[in-house]
Number of protein chains: 2
Amino acid sequence: MARKYIDNPNACSLVHTMNIIGNKWKPIILYLLSNGSMRFGMLNALIPTISKKVLTNQLKELENDGLLLRQSFAEIPPRVEYSLTEKAVGLLPVLKLLSDWANEAYPEMDFEQCRIIENGKKPAYNNVYKK
Amino acid sequence: MARKYIDNPNACSLVHTMNIIGNKWKPIILYLLSNGSMRFGMLNALIPTISKKVLTNQLKELENDGLLLRQSFAEIPPRVEYSLTEKAVGLLPVLKLLSDWANEAYPEMDFEQCRIIENGKKPAYNNVYKK
DNA sequence: GCCATTAGTTACTTTTTGGTTACCACTATT
DNA sequence: AATAGTGGTAACCAAAAAGTAACTAATGGC
């Protein structure tokens with residue numbers, strides 16, 4: 001009885017992807033972790049404008065969606081390392097394409113200026129800095 | 001003086017892309033329009049769970065970001081056709097990859113069931129329906 | 001004269017998201 | 001005895017996004 005509307009076969013997995021990574025912070029977190037595992041404080045330092053609460057929350061969601069591995073070490077002060085799962089690694093090239101697309105589509109925007117974050121919060125451990 | 005934090009060169013154009021398409025509705029709108037131009041009411045019918053206010057808003061934002069072309073015809077009742085720009089067309093293959101990724105990464109989810117929308121709102125014009 | 005039609009808009013409310021500040025556990029160092 | 005250091009959590013508040021319902025303009029058809 002009910003007639004069927006034309007629909008897009010790709011819509012729903014696309015919605016799912018967007019639910020998982022489609023916000024301000026998550027793609028950045030994934031890209032930062034693409035060089036290897038990183039501690040909570042390090043991520044927080046590299047994304048100085050995110051609040052600790054939100055970062056915690058984003059990391060939890062990414063972990064729940066199977067994109068991050070969280071390793072907690074029984075040390076004082078605590079150490080927690082986050083790293084990408086295989087699932088997440090498979091997404092990196094696509095994130096790269098999204099990034100490339102913006103660079104091509106909006107050449108008038110200077111994305112360069114975002115590359116270096118100065119005067120961010122400094123975690124105490126030393127490997128945070130570049131020479 | 002200020003030491004520089006390691007940063008990711010891709011982060012900012014990625015953020016920009018996510019600002020433009022990283023939400024629940026916009027990728028769907030783009031994919032629906034990938035088959036050709038479409039009227040407002042048609043889009044609203046194909047995405048029955050979006051409110052008219054939000055759809056209007058999303059379309060406006062996509063237009064402002066150069067992804068959509070809006071053509072308004074001086075007819076009564078009014079007719080407005082939305083279509084993709086070249087910029088948007090360049091994004092489609094990447095959206096497809098995002099969709100493919102979810103299908104592969106989450107095989108346990110049945111994205112199939114989203115394909116057909118039944119009992120949605122029906123606009124009066126006839127070309128809305130599939131045989 | 002009334003209703004249907006389309007693409008919205010407006011005013012209002014609700015939900016979601018994000019941010020702020022203070023606090024905790026536990027140890028080493030000063 | 002106090003402080004620094006890390007990875008959080010809790011309570012609270014502000015802002016942004018989204019939903020709802022009613023309304024509009026202008027015309028054709030009944």
Side-chain angles (χ1 to χ4, degrees), chain A residues 15 18-29 32-33 37-65 68-83 120-129, chain B residues 15 18-29 32-33 37-65 68-83 120-129:
Chain A
V15 171
M18 282 304 164
N19 285 337
I20 291 175
I21 60 146
N23 73 10
K24 209 163 66 174
W25 305 118
K26 288 179 183 173
I28 303 182
I29 293 171
L32 287 175
L33 291 175
S37 69
M38 216 177 259
R39 297 176 61 172
F40 180 89
M42 181 70 174
L43 283 167
N44 206 178
L46 293 177
I47 317 174
T49 51
I50 198 174
S51 68
K52 234 159 39 154
K53 193 195 82 174
V54 173
L55 179 55
T56 303
N57 192 43
Q58 305 287 292
L59 291 170
K60 247 181 218 161
E61 288 180 10
L62 286 170
E63 195 193 353
N64 288 340
D65 288 324
L68 291 192
L69 185 68
R70 180 182 179 278
Q71 287 174 281
S72 177
F73 297 86
E75 298 174 5
I76 299 291
R79 180 161 64 101
V80 179
E81 296 265 357
Y82 290 92
S83 56
K121 303 171 200 163
K122 301 181 191 178
Y125 36 85
N126 286 322
N127 59 349
V128 175
Y129 305 107
Chain B
V15 170
M18 281 303 164
N19 285 337
I20 291 174
I21 60 146
N23 73 11
K24 211 162 68 174
W25 305 119
K26 287 179 183 172
I28 302 181
I29 293 171
L32 287 174
L33 291 174
S37 70
M38 216 177 260
R39 297 177 61 173
F40 180 89
M42 181 70 174
L43 282 166
N44 206 179
L46 293 177
I47 317 175
T49 52
I50 199 174
S51 68
K52 234 162 35 157
K53 194 196 79 173
V54 173
L55 179 55
T56 303
N57 192 45
Q58 305 287 292
L59 291 171
K60 247 181 220 160
E61 288 181 10
L62 286 170
E63 195 194 353
N64 288 340
D65 287 324
L68 292 192
L69 185 70
R70 180 183 180 278
Q71 287 174 280
S72 177
F73 297 86
E75 300 174 4
I76 297 292
R79 179 161 63 102
V80 178
E81 296 264 356
Y82 290 91
S83 56
K121 304 171 200 163
K122 300 182 192 179
Y125 37 84
N126 286 323
N127 59 349
V128 177
Y129 306 107

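Chain letters run A, B, ... following the sequence lines, proteins first and then strands; every chain starts at 1. All values below were derived from every heavy atom in this structure, side-chain atoms included, with hydrogens, water molecules and symmetry-related copies excluded.
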Review point. Which sits closer to the 5' end of DNA chain C, B/Ile76 or B/Leu59, going by the nucleotide each is nearest to?
Key: B/Ile76
Review point. What is the distance from CD of A/Glu63 to P of D/dG8, rounded to the nearest Å?
Key: 9 Å
Practice item. Would you kindly give the NZ-to-C1' distance between B/Lys52 and C/dG8, to the nearest whole Å? Key: 6 Å
Revision key, fill the gap. When rounded to whole Å, the CG to P distance for the pair A/Asn44 and D/dT9 reads 13 Å
Practice item. Return the value, rounded to whole Å, for the distance between atom CG of B/Asn57 and atom P of C/dA7. Key: 17 Å
Practice item. Among the candidates C/dG8, D/dG8, D/dA18, find the nucleotide nearest to the side-chain atoms of B/Val54. Key: D/dA18
Exercise for review: Go through C/dG8, D/dT6, C/dT6 for me and flag the one nearest to the B/Pro77 side chain.
Suggested key: C/dT6
Review point. Taking the side chain of A/Phe40 as heavy atoms from C-beta outward, which of D/dT20, C/dA7, D/dG8 is closest to it?
Key: D/dG8
Practice item. Whole angstrom is fine here: how far is it from CG in B/Leu55 over to C1' in D/dG19? Key: 14 Å
Check your understanding: How is A/Glu81 classified with respect to the nucleic acid when contacts are heavy atoms under 4.0 Å: base, sugar-phosphate, or nothing?
Key -> nothing
Review point. With respect to the side chain of B/Gln58, which nucleotide from D/dG8, D/dA18, C/dG8 is positioned closest?
Key: D/dA18
Practice item. Side chain of B/Lys53 only, please: which of D/dG8, D/dT6, C/dT10 is the nearest? Key: C/dT10
Review point. Considering only D/dT9, D/dT20, D/dG8, which nucleotide approaches the side chain of A/Val80 most closely?
Key: D/dG8
Check your understanding: Which part of the nucleic acid, if any, lies within reach of A/Tyr82 when heavy atoms closer than 4.0 Å are counted: base, sugar-phosphate only, or nothing?
Key -> sugar-phosphate
Review point. Considering only D/dG19, C/dA7, D/dT9, which nucleotide approaches the side chain of A/Thr56 most closely?
Key: D/dT9
